[in-house]
Each structure stands twice: as structure tokens, then as C-alpha cells.
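Model, not experiment: these values are computed from the prediction.
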Amino acid sequence: MKDKIVAMQLVRAPEFAESEKFETAERRYAVVLSAQIVPEGEESPVSVRVCNISAGGLMAIVPPHIALRGQVSIMIRHVGKLIGRIVWTQKDRVGIRFDTEIDPVALLAERAERAAAPSLLANRFVELAKKTMAVPGMDFPIESPISELRAA
């Protein structure tokens with residue numbers, strides 16, 4: 001079974017693409033990611049939606065009536081934990097500057113691969129199941145899946 005290559009196209013956030021207000025040299029990429037933000041010193045996470053990301057930070061939409069300030073941990077599924085600081089807030093949006101710069105293209109490409117991995121594993125399982133099942137009217141060869149599963 002050939003591995004499926006996952007491609008992700010990243011684009012500059014449209015609201016800043018040709019804007020005079022664009023205040024940073026960092027390239028921003030429009031994304032739609034769910035994330036959890038945990039303010040420093042607190043345990044309960046706040047669910048947010050990440051709208052754009054760059055090497056130095058991100059912009060996220062927060063739920064109404066939630067005020068985030070200071071140092072935060074950002075958990076993005078299939079990416080991991082990023083540490084940063086809230087540098088601006090505006091209505092339902094926050095800007096977070098990362099403590100350490102990231103490579104957003106590599107990070108998001110790796111995220112896409114990790115997100116696809118469970119479905120690739122499931123597809124492999126289905127293919128192995130077809131090989132090992134004896135179903136009347138179907139001519140699947142009967143093999144031992146244990147050795148193939150261990151090799152995976």
C-alpha cells in the first residue's frame with residue numbers, strides 16, 4: 001500500500017495581504033485550527049479558534065466575556081504545546097507572541113501528516129482485514145496478519 005502524501009496550501013491572511021496596516025515583516029498564514037489556551041497559573045483551558053499564524057505568533061478568536069492576559073500555553077491538536085504572551089486584545093480576538101519563533105510551514109505540514117496518520121493506519125488495517133477474512137463469494141487470500149501488523 002502506498003503512503004498517501006498530504007499537501008497543504010498556505011496563503012497569506014487576506015485581511016493583511018495588501019494592507020497598509022500590516023505592521024510586521026513576518027508572513028502570516030490563514031488557518032482554521034482549534035486550540036486550547038491555558039493562562040499562566042490556571043489549570044482550566046479556554047477553547048479558541050486560531051485564524052492566522054506566523055513565525056512569531058498567532059491570532060485567535062476567544063469566546064465572549066473571556067479576558068486573557070499575560071503568559072499562556074497554547075495546545076494545538078497534532079502540533080503540541082506552544083508558549084507565548086498575549087500582546088493585544090480586541091473584542092473577541094487576541095494576539096499572541098511566541099517565546100520562541102517557529103517555522104509555521106513545517107509545523108503545519110507536520111500537523112497535516114499527524115492528522116492523516118490515524119486514517120492511514122485505519123486504511124492499512126482494512127487492507128489487512130480483507131487479506132485475512134474468508135468471506136463467501138469473495139476471493140481474498142487467507143494470510144496471517146500478525147506478522148504484517150508487527151512490521152507496521
Between the CZ atom in Arg69 and the CZ atom in Arg85, the distance rounded to the nearest 0.5 Å is 12.5 Å
Shared ILVMFWY cluster between Ile102 and Val31, side chains joined below 4.5 angstrom? yes
Under 4.5 Å between side-chain heavy atoms, counting indirect links through other Ile/Leu/Val/Met/Phe/Trp/Tyr residues: same cluster for Val105 and Leu108 or not? yes
Shared hydrophobic cluster, Ile66 / Val50 (ILVMFWY, side-chain heavy atoms < 4.5 Å): yes
Exercise: identify the closest heavy-atom pair between Gly84 and Asp99: CA-OD1, 3.8 Å
Can you give me the closest heavy-atom contact between Ala35 and Ile74, atom names plus distance? CB-CG2, 4.1 Å
Check: Gly56 main-chain N/O paired with Arg97 side-chain donor or acceptor under 3.5 Å: yes
Do Val72 and Val94 have side chains that approach each other closer than 4.5 Å (heavy atoms only, starting at C-beta)? no
What's the shortest heavy-atom distance between Leu68 and Pro39, and which atoms? CD2-CG, 3.7 Å
Determine the sole option in Val62, Leu33, Leu58 for which the side-chain contact (heavy atoms from CB on, under 4.5 Å) test with Val48 is passed. Val62
From Gln36 atom CD to Ser73 atom OG, the distance as rounded to the nearest 0.5 Å: 12.0 Å
Could you give the distance from CD (Glu40) to CD1 (Ile83), rounded to the nearest 0.5 Å? 9.0 Å
I need the minimum non-hydrogen distance between Ile53 and Pro104, along with the two atoms involved. CG2-CB, 4.3 Å
Are Leu107 and Ile96 linked, directly or through intermediate hydrophobic residues, by side-chain heavy-atom contacts shorter than 4.5 Å (ILVMFWY only)? yes
